[in-house]
There are 2 protein chains.
Amino acid sequence: MTDRKLNADAIRVLAMDAVQQANSGHPGAPMGMADIAEVLFNDFLSHNPNNPQWINRDRFVMSNGHGSMLPYAALHLSGYDLSIDDLKNFRQLHAKTPGHPEYGYTPGIETTTGPLGQGIANAVGMALSEKLLATQFNEQDLSVIDHHTYVFLGDGCLMEGISHEACSLAGTLKLGKLIAVYDDNNISIDGEVDGWFTDDTPGRFTAYGWHVVADVDGHDPEAIQAALNEARSVTDRPSIICAKTVIGSGAPNKAGSHDCHGAPLGVEEIQATREALDWQWDAFDIPQSVYDAWDAKDSGQQKEASWQSLFDRYQQQYPDKAAELLRRMNGELPANWSEKVSAYVKQVAEDAPQMATRKASKLALEGLGPMLPEFFGGSADLTPSNNTFWSGSKSINDGDFSGNYMSYGVREFAMCAIMNGMTLHGGLLPYGATFLMFSDYARNALRMAALMKIRSIFVFTHDSIGVGEDGPTHQPVEQTPTLRMIPNMSVWRPCDAVESVVAWQHAIENANGPTSLLFTRQNVQHQERSDQQIDNIHRGGYVLIDSAKTPELILIGTGSEVGIAAEATRRLQSAGHQVRLVSMPCAELFDAQDEEYRHQVLPPSCVKRIAIEAAQGDYWYKYVGLQGRVIGQNTFGESAPGNQLFAHFGFTTDAIVNQAEELLG
Amino acid sequence: MTDRKLNADAIRVLAMDAVQQANSGHPGAPMGMADIAEVLFNDFLSHNPNNPQWINRDRFVMSNGHGSMLPYAALHLSGYDLSIDDLKNFRQLHAKTPGHPEYGYTPGIETTTGPLGQGIANAVGMALSEKLLATQFNEQDLSVIDHHTYVFLGDGCLMEGISHEACSLAGTLKLGKLIAVYDDNNISIDGEVDGWFTDDTPGRFTAYGWHVVADVDGHDPEAIQAALNEARSVTDRPSIICAKTVIGSGAPNKAGSHDCHGAPLGVEEIQATREALDWQWDAFDIPQSVYDAWDAKDSGQQKEASWQSLFDRYQQQYPDKAAELLRRMNGELPANWSEKVSAYVKQVAEDAPQMATRKASKLALEGLGPMLPEFFGGSADLTPSNNTFWSGSKSINDGDFSGNYMSYGVREFAMCAIMNGMTLHGGLLPYGATFLMFSDYARNALRMAALMKIRSIFVFTHDSIGVGEDGPTHQPVEQTPTLRMIPNMSVWRPCDAVESVVAWQHAIENANGPTSLLFTRQNVQHQERSDQQIDNIHRGGYVLIDSAKTPELILIGTGSEVGIAAEATRRLQSAGHQVRLVSMPCAELFDAQDEEYRHQVLPPSCVKRIAIEAAQGDYWYKYVGLQGRVIGQNTFGESAPGNQLFAHFGFTTDAIVNQAEELLG
């Protein structure tokens, strides 16, 4: 037995024993990829277990996240703050070792994976960030950003559509420091993949412009080493190593079968595996020689120290750039940010522009963008419609990576997952856009940003039947309320330019979660506000027009419907009714206010309430209750000019006034 | 000028004039693909404009649906019931010519397209249906099902991930009568695609196992004809014809630029185009010679008549099979269906099995499946977990198309869009499964089924934190309520085996829309019911346990929480409270009941209500109002055993009793 095999077998036994102890999990992938992981971690990965946040570390992503015991075992063995007790606690409540790798739970885990195909897209985002930051910051002989991104992926990742989107784009971008290793074990949950997955994967990736290292024996350390060296030597294209492996390798009876994919091996097979591997130690008992072989604490400390001395020289020669790089990697906003933003909001309020909020969004970018060199914008092939390319934007699509904007192509899901990878990498603040309708295509990447609590900014324009002639395939109905239901997701649907700028401000300042910004295609009216009202936008919901006396009825609106509701409010007030209008651009933020404020805006005594939103209306019963009403849209749209559709579906001042008068009795 | 060019130019001018008249739309694609469409429709397409429902017609799908004026023009010219006035009405309210092609609005439109990439997946489903039905029904010399499926697609479709999923699977399935034509015009909305789309598309499709006809001049009718002949001659693989075209071909100044992609050409450019084409007629004025050249009414009638005589012979020799084919193509359920299903529901109620509802789902399949030879099941690589493979299932993945089940691979989005294509084709009733979590990946295909009002059945197991150790990446939170918000989508979340069978019954009987069936991973309790209560399941919500007197408080639950709520109800009743328990497996269906029934179940006088569902809870305020409460889950889950999570997140009898007692005061 070579030492390498022994070192790799440590992953195998840790994986099978932890899964057995949890009575839940996936031993097959970690056992199958153990040799590959051993070579990658011990011969190539530049990282420092003492400091998982070292900014120039190589990134490692396990896109086939069900194989979570592989990174957990490798991180433990390498010397990260992940103890053997943590491994024993695999998949238990609040453990550092959840069922799938989760960002924020485990030192060394760079992203949350499990939903297949997204890890590879995250890795594309990380590799892209490296390239952008290297271009922006490195100086002659001072490459302060210079690392690889490694990603493991399985058959499932390669079947998922997002792998096509992300890998096609990575090929176009020529991300030469992205290295993927495909665990080609021919098994997925339904069995041997021959009946449903017969791609020529090397041919597919060659078609994307990747460098392919085909037919590598994934259990031969020398072959793996040679493949990784070859991949690293090709720097003008991303590389994929197609490694033939046996799932559950080491288990004498279950290896090569889907029996070991997603269930514990069982006591007998575990015993047989120990014998077959000639592994002489008990569960969770790893010999010191193996720990010594894996230990990356000293070597990692040296690597970081060596980089630190490079960075010290950089800091001396380019103090401003060094400070800026650190600021951006720490996710801090520039000095004077708050002050300047407030001034800009005030200015927009004074200018009182009448425009579509998608245009107001660009106005926000023009105002805030110059302060944010970390901004990295983009669109899934709707740049001219999304208005995301502002005067400071410069495209990288021509191969100049000093830019700050990317046309992602018609790839909504990959765009959002790539943005997540960029956010996780640090140093960049990505925003990316598509039509609100096609948030559907990207939905699980939005959720993953929310689950990871990271600051990705999703821009969704064309937010209702206001889309008009393109018809119901392009008119969001359920998207607005259903985005609000993603935990940790902030959803803003501003009613005019002032709210639009504030929405952008919140998205940028929200360090603990993603934001979805919803903008209209069509023009909206400007709303007049006092300074206090402008301040109150920051509370997510506020009184925009108040009644002279205690309100008898409250209208609640968002986005393009606020203008209509404002007219209705004025008409009802002229008719002598005590009516209040509440603008609620961000319901989640309003909910987070103290009860006093919430009750001030929506007094419990006033139960006659009407919510108006050109979207599926069920969400609003939370605010209007059984005695209130919702003017929403619970059917699909139609193909016709937008203003006709607003009338057709009942979003008119008349309709609101009628409902209000009925309710007032 | 050849006649062919004149005939193709008719599409060009109709497209540019209709878009101009609507002042909205996409002239570029129809003008660019006009020559291809002309050759396909006039030389190859087997269809009958007099009977768009002819069961053996070729299917044609415009996957790049924004080019809707291409099929509209071609259908009009061919003689479908689509007048020149209909074309003049392009994109107007309730026109037969909506902005994107919409199934049900326009004779000859086989599916709704626009959300890119889904049309090609629909086409895969249609071609698969053809192959399945041919295998099941054709007899020696009597090929009653024998047609091609043609699909046009553009750069956008090819960038979308779903095209990878669908085309990879089509290659594995060797769908030899599927012919795709790629409109390779090098333009998408952000401009020339070189910066974001550089795939070697022929190489990509070769890697999928397709037959590729590369480098075809999409403006040369002879080259197009030769390519289509070549594609038809290769019958052991799907074919893709890569046709080089110029977007907006014919427009002298805007052709080849994204200026003509999604906006009217403008009066001047239209005039210039007329001149460049030497087109001598006014807008919407088509010379009779062109109509005569396109007219497919006679030839189509002959084609159908010839098929009809074949079918007549088939009917004589195989009367049962002929009747069965017609029944299935008409979407009718078998005779005695209702009777047998009712008997089965009764039997399950008597057997009173205690099991996970995902197992109850299989029980339903075992009971109902034998009646339904049109059933075509599948799973996105979770067959053993989804329990969708019942004793009558037979896989087609080994190449035997007499089967009724498919492992789709890890391709949720393509699975659902392929199912939609199968439903649209007719003759099959597809159901397909994945974890509820990954409904996210397929979300827009679910929406498209709802928009088209077609009977696709989506099976989603592992419906809550009950998933357990796999953790928050696999635990649905917002999925249940957000599926309910898709218009026309029926969502069932049954609480035990009896409700599970009824849920399946409704999904199968629901001819006017899709159904999502949500099932638990974990065991649930059986609930006892009277015959009347069993009948009331069909109303979507009903009183499962009633109070002796007028209820003071109503609990409302679904799925796995009904069992917990039932215990709470009994405890509260024992403590002397008048508490009613309502089971609400299908809220949409409950909402569709008359007010009398709804008020009987949920009397307006009783405002103390608590809804319990292990999902994001905002949906339920619709039923409990501001004075009620929701026990829901507004955060992500955790990785731990499922029973611990139910306690951790407060889904316990104790928690319900406590909340109820607080509310009762």
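Residue numbers begin at 1 in each chain, while the letters A, B, ... track the order of the sequences.
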Most contact-rich option vs chain B, by heavy-atom pairs under 4.5 angstrom, among A/E412, A/H66, A/Q633, A/M448, is A/E412
Which region of B/P101, side chain (C-beta onward) or backbone (N, CA, C, O), has a non-hydrogen atom less than 4.5 Å from a non-hydrogen atom of chain A, or is it both or neither? neither
Side chains of B/D199 and A/H164: does their closest heavy-atom pair fall under 4.5 Å? yes
Chain B contacts, top residue of A/G114, A/P98, A/P604, A/P472 (heavy-atom pairs, under 4.5 Å): A/P472
For chain A, find which of B/G161, B/P481, B/S385 contributes the most heavy-atom pairs closer than 4.5 angstrom. B/G161
Among the options A/L446, A/D381, A/D398, A/L626, pick out the one with the most heavy-atom pairs lying under 4.5 Å from chain B. A/D381
If you count heavy-atom pairs within less than 4.5 Å of chain B, which of A/T635, A/T97, A/I189 leads? A/I189
Does a side-chain heavy-atom distance below 4.5 Å link A/T112 with B/T473? yes
Could you give the distance from CE (A/M485) to CG (B/N634), rounded to the nearest 0.5 Å? 8.5 Å
B/V624 versus chain A, heavy atoms under 4.5 Å apart: side chain, backbone, both or neither? backbone
Least distance between heavy atoms, A/W196 atom then B/L169 atom: O-CD1, 4.0 Å
Check against side-chain contact (heavy atoms from CB on, under 4.5 Å), B/V477 and A/R447: CA-CA 10 Å; B/V477 174; A/R447 183 180 213 259; 3.8 Å; yes
Residue among B/H258, B/R204, B/E102, B/H94 with most heavy-atom pairs under 4.5 Å to chain A: B/R204
Interchain contact, B/D194 with chain A, by part (heavy-atom threshold 4.5 Å): backbone
Taking C-beta and beyond as the side chain, do B/R484 and A/D618 meet within less than 4.5 Å on heavy atoms? no
Under 4.5 Å to a heavy atom of chain A? For B/Q475 that would be backbone
Can you find a pair of side-chain heavy atoms, one from B/N444 and one from A/M437, that are under 4.5 Å apart? yes
Counting only non-hydrogen atoms closer than 4.5 Å, does B/F197 touch chain A with its backbone (N, CA, C, O), its side chain (CB onward), both, or neither? both
Return a table of donor-acceptor pairs under 3.5 angstrom between the side chains of residues 636-644 of chain A and protein atoms on other chains or two or more places apart.
from	atom 1	to	atom 2	distance (Å)
A/E638	OE1	B/Y105	OH	3.0
A/S639	OG	A/E469	O	2.8
A/S639	OG	B/G99	N	2.8

One option among B/A450, B/G65, B/S439 has the most heavy-atom pairs under 4.5 Å with chain A, and it is B/A450
Can you tell me how far the CG atom of B/D200 sits from the OH atom of A/Y208, to the nearest 0.5 Å? 11.0 Å
Do B/L645 and A/L93 make a side-chain contact, defined as non-hydrogen atoms from C-beta onward lying under 4.5 Å apart? yes
Atom CG of A/L382 and atom CG of B/D190: how far apart are they, to the nearest 0.5 Å? 7.0 Å
Heavy-atom cut-off 4.5 Å, strictly under: side chain, backbone, both or neither for A/S68 against chain B? neither
If you tally heavy-atom pairs under 4.5 Å between each of B/G468, B/P384, B/G628 and chain A, the highest tally belongs to B/P384
Give the ring-plane orientation class for A/H100 versus B/H474, where under 30° counts as parallel, over 60° as perpendicular and anything between as tilted. parallel
Got B/S168 and A/M159 here, is their nearest side-chain heavy-atom distance under 4.5 Å? no
Ranking B/G625, B/P115, B/A442 by heavy-atom pairs under 4.5 Å to chain A gives rank one to B/P115
Would a 4.5 Å heavy-atom cut-off, applied to side chains only, mark B/Q627 and A/Q627 as touching? yes
Flag the one option from A/S188, A/G203, A/A22 with the top tally of heavy-atom pairs under 4.5 Å to chain B. A/S188
Taking all heavy atoms of A/T172 and all of B/G195, pick out the closest pair and write down the distance. CG2-O, 3.4 Å
Is B/S395 close to chain A through its backbone or its side chain, or both, or neither, when contacts mean heavy atoms under 4.5 Å? neither
Let me know if A/S407 has heavy atoms under 4.5 Å from chain B in its side chain, its backbone, both or neither. both
Interatomic distance, B/I162 atom CD1 to A/E160 atom CD [nearest 0.5 angstrom]: 11.0 Å
Please classify the contact of A/A615 with chain B as side chain, backbone, both or neither, using a heavy-atom distance under 4.5 Å. neither
The test is side-chain contact (heavy atoms from CB on, under 4.5 Å); show your working for A/D470 and B/H26 and say whether it passes. CA-CA 10 Å; A/D470 273 340; B/H26 301 75; 3.6 Å; yes
Do you know which of B/L158, B/D155, B/N397 has the most heavy-atom pairs under 4.5 Å to chain A? B/N397
If we define contacts as heavy-atom pairs under 4.5 Å, which of A/G409, A/C157, A/G471, A/G399 has the most with chain B? A/G409
Approximate separation, where rounding is to 0.5 Å, of A/Y619 OH and B/Q616 CD: 7.5 Å
Does any part of the side chain of B/R443, heavy atoms only, come nearer than 4.5 Å to the side chain of A/E478, both counted from C-beta? yes
Can you tell me how far apart OH (A/Y621) and CH2 (B/W620) are? Round to the nearest 0.5 Å. 14.0 Å
